[in-house]
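Presented below is the structure to which this report refers.
It should be emphasised that the depicted structure is a prediction, and the values quoted were computed from it without experimental measurement.
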Amino acid sequence: MEWHTDAELFELIEGELFTAVIGDTLDANGYRHQFLPPRIRGLKNYGVVAGRAMPALEADVFDDREPFGKMLDALDSLESGGSTSRPAERLATRSSVVSMSIAARARGARAAILCGFHRDSRELLENSFPVFSYGAYAQDQQVRGRVIDYRVPIEIEGVAVAPGDIIVADLDGVVVLPADAETRIVYDALRKVRTESEVRRELERGMLAKDAFDEFGVL
């Protein structure tokens, strides 16, 4: 076992893996619908970011009787990983302002994945908290949306996200790694990426591409 805690697992993923190789490995293991919509992009290049999902379910509303709904409770319930056995989490919902990102990071969140738009882009860039969303849009969500539940399974355009699943995000997209398959997928992905590195070295030494593929099975 190359890791014993979530902190070690996330460090391994962020240091050696990326969404494309994880996605390829998920495909090879029969998990064919694991990428969130391609329009969910990082506000900037954060490298590879990994963490446990803490989904929040939001509904459209047309009044301000319950500002944010359970959003603040969801933020306050985030759990940090570090040296403890509790998983570091990320919040998946539909809107974000800079104060929420600060609160999430203070509680140990690693990023926010938004099935919707973010705002306060300047401040988010300054505080470097990773945010992945449809893009920037300044309209306030407070009177238009309400978190109605959190730490529950959700579905985003046909992709299931359950509490505790591993989310990996980078410049190429956001992929969901089901918790019940994480050990097998991570090991297979590590094997693939390490083999590809060996293939590149052989190609640089002059090996023919066909010979490399025949020998290693990847290219």
- [ ] Provide the closest heavy-atom pair for Arg110 versus Gly51 in the form atom of the first, atom of the second, distance.
- [x] CD-CA, 3.8 Å
TODO: Please say whether more than 12 non-hydrogen atoms of neighbouring residues, nucleotides or ligands are located less than 6.0 Å from OH in Tyr137.
DONE: no
Open item on the list: Can you pull out every salt bridge (charged side-chain N to carboxylate O under 4.0 Å, His left out) where at least one residue sits in residues 154-175? Sequence neighbours excluded, please.
Closed with: Arg39-Glu157
Open item on the list: So, using side-chain contact (heavy atoms from CB on, under 4.5 Å) as the criterion, who are the partners of Asp76 when residues are at least two apart?
Closed with: none
- [ ] Identify whether the distance between the nearest side-chain nitrogen and carboxylate oxygen of Asp6 and Arg52 falls below 4.0 Å.
- [x] yes
Open item on the list: For Gln142, give me all partners under side-chain contact (heavy atoms from CB on, under 4.5 Å), at least two apart in sequence or on another chain.
Closed with: Pro67, Phe68, Asp140
Task: In one Ile/Leu/Val/Met/Phe/Trp/Tyr side-chain cluster, 4.5 Å: Val61, Val143 - done: no
- [ ] Step by step, work out the side-chain contact (heavy atoms from CB on, under 4.5 Å) result for Leu9 and Glu182.
- [x] CA-CA 10 Å; Leu9 173 57; Glu182 65 185 50; 3.9 Å; yes
TODO: Check side-chain hydrogen bond (donor to acceptor under 3.5 Å, both in side chains) between Arg65 and all other residues, then give those that pass, not counting sequence neighbours.
DONE: Asp63
Open item on the list: For Ala136, give me all partners under side-chain contact (heavy atoms from CB on, under 4.5 Å), at least two apart in sequence or on another chain.
Closed with: His118, Ser121
TODO: State the OG1-CD distance between Thr25 and Gln34, to the nearest 0.5 angstrom.
DONE: 12.0 Å
Task: Considering all heavy atoms, the nearest Leu125-Leu43 contact - done: CD2-CG, 3.7 Å
Task: Under-4.0 Å salt bridge between Lys70 and Asp73 - done: no
Open item on the list: Please verify the inter-ring angle class for Tyr46 with Phe132; under 30° counts as parallel, over 60° as perpendicular, anything in between as tilted.
Closed with: tilted
Task: Candidates Ile22, Asp24, Leu17 - the one meeting side chain to side chain contact (heavy atoms under 4.5 Å, CB included) with Val193 - done: Leu17
Open item on the list: Measuring from atom CG of Leu171 to atom CG of Asn45, what distance do you get when rounded to the nearest 0.5 angstrom?
Closed with: 4.0 Å
TODO: With the side chain counted from C-beta on, respond yes when Leu26 and Pro178 share a heavy-atom pair under 4.5 Å apart, and no when they do not.
DONE: yes
- [ ] Please name all residues satisfying side-chain contact (heavy atoms from CB on, under 4.5 Å) with Glu126, sequence neighbours left out, ordered by chain then number.
- [x] Arg122
Open item on the list: Testing the basics here: between Ile167 and Ile113, what is the closest heavy-atom pair and its distance to 0.1 Å?
Closed with: CG2-CG1, 4.2 Å
Open item on the list: Can you tell whether the side chains of Glu2 and Arg194 come within less than 4.0 Å, N to carboxylate O?
Closed with: yes
- [ ] Examine the side chains of Arg41 and Ser133 and answer whether a donor and an acceptor come within less than 3.5 Å of each other.
- [x] no
Open item on the list: Working note: Val152 + Asp149, criterion side-chain contact (heavy atoms from CB on, under 4.5 Å); need CA distance, chi angles, decisive distance, verdict.
Closed with: CA-CA 7 Å; Val152 294; Asp149 208 350; 3.4 Å; yes
